[in-house]
Number of protein chains: 2
Amino acid sequence: MTEPVHSTPRSTPDSPGRQPARTRRAPLTRDRLLAAAVAIVDTRGLAALTMRALAAAVDVQPMSLYHHVRNKDEILDLLVDAVFSEIELPTDDLSWRTALRLRTSSVREVLGRHRWAIGLLESRRNAGPATLQHHDAMLGIMRRGGFTVAGAAHAYSLLDSYAYGFALQEAMLPFDGPDELSDVAEGFAALVTESYPHLGEMLHEYVMQPGYSFGGEFEIGLEAVLDALERWRTA
Amino acid sequence: MTEPVHSTPRSTPDSPGRQPARTRRAPLTRDRLLAAAVAIVDTRGLAALTMRALAAAVDVQPMSLYHHVRNKDEILDLLVDAVFSEIELPTDDLSWRTALRLRTSSVREVLGRHRWAIGLLESRRNAGPATLQHHDAMLGIMRRGGFTVAGAAHAYSLLDSYAYGFALQEAMLPFDGPDELSDVAEGFAALVTESYPHLGEMLHEYVMQPGYSFGGEFEIGLEAVLDALERWRTA
DNA sequence: ACCTGAACACCGTTCAAGT
DNA sequence: ACCTGAACACCGTTCAAGT
């Protein structure tokens with residue numbers, strides 16, 4: 001189909017000055033779509049991200065979205081890539097250990113900021129450019145830090161297993177923050193100590209002690225993992 | 001297409017007064033519901049688990065399900081608890097290291113057998129009895145193995161982060177098994193080596209070598225993690 | 001006690017059409 | 001080139017009713 005050549009003048013599509021009150025919408029772009037999707041999902045959760053809700057957020061009819069995106073799955077791919085683009089990549093002047101510590105903490109922080117992200121990872125198989133760029137930079141840090149190729153593979157697998165798994169465990173916690181912890185724990189404690197003695201011990205002697213938060217475990221485990229990586233370096 | 005009006009003497013179709021040929025259904029139970037749900041999700045994926053599909057699988061109308069289960073969310077909780085019940089818990093006579101190695105391998109194996117499970121964990125906050133029992137037994141193994149209470153907390157957090165994170169990474173792989181790997185990698189290789197040199201190196205010098213499989217990384221990382229746990233034991 | 005039909009307020013997506 | 005309305009084939013769940 002070719003564009004019909006009709007005689008209406010290109011200028012003044014709607015007579016200027018007599019525009020309707022509604023300001024002319026900025027044309028929809030993938031970036032604006034992605035930003036709106038992130039906003040929805042950060043504030044209202046992954047379940048709230050429907051094509052209809054997203055369309056409303058960018059002030060358009062649902063079907064218009066399909067002009068910028070193949071389908072909903074592609075939006076989810078874009079979301080995951082956006083998350084990877086937020087992870088901070090350390091500068092080259094740092095030691096491998098400092099660099100890996102910084103970026104792994106950044107992974108956890110970003111996954112904490114976008115709590116929907118960890119649940120999305122499992123179903124994504126199309127790595128975006130930010131994701132590939134991220135992995136490449138990480139491998140560079142390791143290779144320069146003296147890891148062999150195979151060693152870097154082992155190290156990266158272990159380090160990311162730790163980062164993702166920790167984020168998953170944080171998402172699984174039956175409370176949202178340290179403040180709610182005691183409520184849950186106390187309602188739990190009686191039942192637990194009876195049927196599950198070791199869980200009860202952990203609860204009373206550790207978890208319910210003042211100052212505890214599961215988040216504190218992250219750095220402890222991370223240092224242990226970083227120690228373990230040493231074995232895969234040659235230099 | 002209409003019902004065939006059969007005159008076969010096989011059975012009196014629906015003649016009143018006589019019992020219909022259809023054998024009387026076993027009454028629906030939670031266990032039968034759960035088994036049917038696992039079957040659906042194992043064979044057709046999490047998205048195929050709808051209340052309507054589940055109802056059809058147990059030969060009942062959708063609304064009947066709500067007599068045995070509060071809502072779909074409760075079914076998902078049951079699924080996760082069923083997964084935990086499949087994880088093998090080692091006997092008491094083993095060393096802590098052997099015991100933790102066995103059960104962590106079992107976690108990975110079970111999560112591999114039910115590939116939908118890792119994606120479900122993130123959204124579950126109601127631990128079931130099998131889950132609590134599992135955690136209690138694990139803490140018991142550690143305490144008997146000489147871990148302090150705080151040490152057991154550190155160790156369990158690290159060990160499960162590793163197990164879950166590894167399963168998540170396996171689920172994220174852009175191919176389903178080692179056989180498909182080369183197809184993906186080859187289509188990928190040209191693009192990758194150009195824009196992502198370290199990724200390219202990893203691909204050519206390690207991943208695409210004969211005999212590679214990502215799954216092989218599991219044991220390597222697991223031994224490194226088990227080594228790291230030593231620091232939290234007193235005895 | 002257990003099961004059901006009809007209905008409600010949603011989904012993602014196709015298709016054909018409008019400018 | 002970009003947007004739209006109507007429609008289709010689905011969802012989970014409520015309600016009132018059947019045995």
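Lettering follows sequence order; numbering is per chain, from 1.
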inquiry  = Apply side chain to side chain donor-acceptor pair (under 3.5 Å) to residues A/Gln169 and B/Ser157 and explain how you reach the verdict.
reply    = CA-CA 8 Å; A/Gln169 288 198 81; B/Ser157 164; 4.6 Å; no
remark   = B/S/- along nucleotides 8-19 of chain C (protein heavy atoms under 4.0 Å) is ---BBBBB----
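Within a 6.0 Å sphere centred on CD of B/Glu88, other residues, nucleotides and ligands contribute 12 heavy atoms or fewer.
Rounded to an integer number of Å, the gap from B/Leu65 CG to C/dC3 P is 10 Å. Rounded to whole Å, atom C1' of D/dT4 lies 6 Å from atom CD of A/Gln61.
Using a cutoff of 4.0 Å between basic side-chain nitrogens and carboxylate oxygens, A/Asp73 and A/Arg124 are scored as salt-bridged.
Classified by interplanar angle (parallel below 30°, tilted 30° to 60°, perpendicular above 60°), the ring pair A/Phe166/A/Phe214 is parallel. Using bins of under 30°, 30° to 60° and over 60° for the plane-to-plane angle, the ring pair B/Tyr164/B/Phe84 lands in the perpendicular bin.
With sequence neighbours left out, the ring pair (Phe, Tyr, Trp, His ring centres under 6.0 Å) criterion links A/His198 to no other residue.
Taking 4.0 angstrom as the limit, A/His68 places none of its side-chain polar atoms (N or O) nearer than this to OP1 or OP2 of D/dA1.
We find the CG-CD distance between B/Leu111 and B/Glu109 to be 10.0 Å, quoted to the nearest 0.5 Å. Expressed to the nearest 0.5 Å, how far CD1 of B/Ile40 lies from CD1 of B/Ile75 amounts to 9.0 Å.
Stems are defined here as 3 or more consecutive Watson-Crick or G-U wobble pairs with pairing distances under 3.5 Å; those involving DNA chain C are C:4-8 with D:12-16, C:12-16 with D:4-8.
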